[in-house]
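Reviewing the structure listed below.
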There are 2 protein chains.
Amino acid sequence: MADRDDIPPVRLKLRLVFGDRLTLGPGKADLLERIGALGSISAAGRAMGMSYRRAWSLVEEMNAAFGHAVVQSTRGGPQGGGAHLTPEGRQVLTLYRELEDRTAEAGADQIVALRGMLGDMPQGK
Amino acid sequence: MADRDDIPPVRLKLRLVFGDRLTLGPGKADLLERIGALGSISAAGRAMGMSYRRAWSLVEEMNAAFGHAVVQSTRGGPQGGGAHLTPEGRQVLTLYRELEDRTAEAGADQIVALRGMLGDMPQGK
DNA sequence: GTTCGTTGTATCCTGTCGGACATATCGCCG
DNA sequence: CGGCGATATGTCCGACAGGATACAACGAAC
C-alpha cells in the first residue's frame, strides 16, 4: 500500500525567458534557496552537486540581469567569506515558488490527463 | 501606443517530465503542431530549422512513450509518404496548449512582478 | 519498371556546456 | 604575520547532443 500511484513521476518544470537578458528556471531557483540557507555559494554548489565555477556563474548572471543584486557576497572574514540573499533575492525566490505553486494547481487537470495517456508499462518506473 | 510594454520579452516555457519515460516541452509540442499542419515529418522539421534526424527522433520518442502512437507515418505513395497526427496526438497537443494557456494566466502576476525587477537597460532589447 | 519524395537508419563531425584544475585575492583570527 | 576558507576568474578538456551526410526501402503514379 506504499507505492501505488500516490507519487506519480510527473514534474512540471518552469523556465522563464526574459528575452536575451536572463533565463530563470529550477536550477537558479534552487541555487538561490540554498545560498539563503547555507550562506555560501560554494556550500550551495556542493549541496547541489554543482561545481563552484558554475554556481558562481549563475549568481553572476542573475546579479547582472536584475536591477539590484540578488546575492551579496563578501571575501575574507570569519569563515573566509560568504554570501547571502538580498531582499530582492528573497523576493525573486518567493515569486518563483509562488509561480510554481499556482501553475501546478492551474494545470493539474491537463497534467493528470497527459499522464494518463502514457503507455502502461509492466514496470512503469 | 503601439510598443510600450504590450509585448514584454517574457516567455514562460513549460517542460513536463514524466519520470524517465518522456519529457514534453515546447519543442515536441511545436513539432506535433507542424506535423499536423504539414503532413510530413521532414517538412515540419524544415519549418522549424531542425534536422530530419532530430525531428524523427523526437517523434520516435513520443510514440514509444505514449500508449498509442501520436504520429502515424507512411512510406511511399503519392508524395513519397507522409505523417499525420493520430487522435491521441491531437489530444496531447491540445492538452499541452491548454496547459500553457492556464499556467500563463495563473502565473501572470508573478511573471509581471519578476519582469519588473529586471534592471533598466538603455537598450533593453 | 522508372521516377519521386518521404520515411527510416547508420556513420561521422563539430559546437558547446560544464567540470576539473590552477591561481589570485581578501580579511579575520590565532 | 602566516594560515585558513571562501570569493573571483582564467584556462584546458572531455562528453555528448545534435547537425551533416549518405543510403536503403517503400509504394503509388505514370
Side-chain angles (χ1 to χ4, degrees), chain A residues 13 15 17 20-66 68-86 89, chain B residues 13 15 17 20-66 68-86 89:
Chain A
K13 293 188 180 181
R15 192 181 184 186
V17 181
D20 55 356
R21 293 286 299 283
L22 173 73
T23 67
L24 184 58
K28 292 205 186 83
D30 288 355
L31 183 62
L32 279 185
E33 192 162 54
R34 283 179 169 75
I35 289 174
L38 300 173
S40 155
I41 294 175
S42 63
R46 276 195 303 270
M48 296 178 65
M50 177 188 300
S51 67
Y52 172 77
R53 186 76 167 80
R54 175 152 177 72
W56 177 83
S57 71
L58 295 181
V59 169
E60 179 80 354
E61 201 181 327
M62 287 187 282
N63 276 345
F66 285 104
H68 281 348
V70 290
V71 172
Q72 197 165 22
S73 58
T74 58
R75 290 207 290 194
Q79 288 84 24
H84 67 275
L85 296 188
T86 62
Chain B
K13 294 188 179 180
R15 192 181 182 186
V17 181
D20 56 356
R21 294 286 300 282
L22 173 72
T23 67
L24 184 59
K28 293 205 185 83
D30 288 357
L31 183 62
L32 279 185
E33 191 161 53
R34 283 177 169 77
I35 289 175
L38 301 173
S40 156
I41 294 176
S42 63
R46 276 196 301 273
M48 296 178 65
M50 177 188 297
S51 68
Y52 172 79
R53 183 75 166 85
R54 176 153 177 69
W56 179 84
S57 70
L58 295 182
V59 168
E60 178 80 354
E61 200 181 328
M62 286 188 283
N63 277 346
F66 286 103
H68 281 350
V70 291
V71 171
Q72 198 165 20
S73 57
T74 59
R75 290 206 289 194
Q79 288 83 25
H84 68 275
L85 297 189
T86 62

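Quick caveat: nothing in here was measured; it's all calculated off a predicted structure. Chain A is the first sequence line, chain B the second, and so forth, proteins listed ahead of strands; every chain is numbered from 1.
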Rounded off to whole Å, could you give me the [atom1]-to-[atom2] distance for the [X] and [N] pair?
X: B:L58; N: D:dA17; atom1: CG; atom2: C1'; result: 11 Å
X: A:M48; N: C:dG19; atom1: CE; atom2: P; result: 11 Å
X: A:Q79; N: C:dC29; atom1: CD; atom2: P; result: 9 Å
X: B:Q72; N: C:dT7; atom1: CD; atom2: P; result: 13 Å
X: A:I41; N: D:dT9; atom1: CD1; atom2: P; result: 11 Å
X: B:E60; N: C:dT6; atom1: CD; atom2: P; result: 20 Å

Quick one: is [N] close enough that its OP1 or OP2 comes under 4.0 Å of any side-chain N or O from [X]?
X: B:T74; N: C:dT7; answer: no
X: A:S42; N: D:dT7; answer: yes
X: B:S73; N: C:dG8; answer: yes

Tell me which nucleotide among [options] gets nearest to the side chain of [X].
X: A:M50; options: C:dG19, D:dT9, C:dG8; result: C:dG19
X: B:R54; options: C:dC29, D:dA6, D:dG18; result: D:dG18
X: A:R75; options: C:dT9, C:dT6, D:dA8; result: D:dA8
X: A:W56; options: C:dT7, C:dC28, D:dT9; result: D:dT9

**OP:** For B:R46 and for B:R53, find the nucleotide of DNA chain C with the closest heavy atom, then tell me which residue's nucleotide is more 5'.
**Re:** B:R46
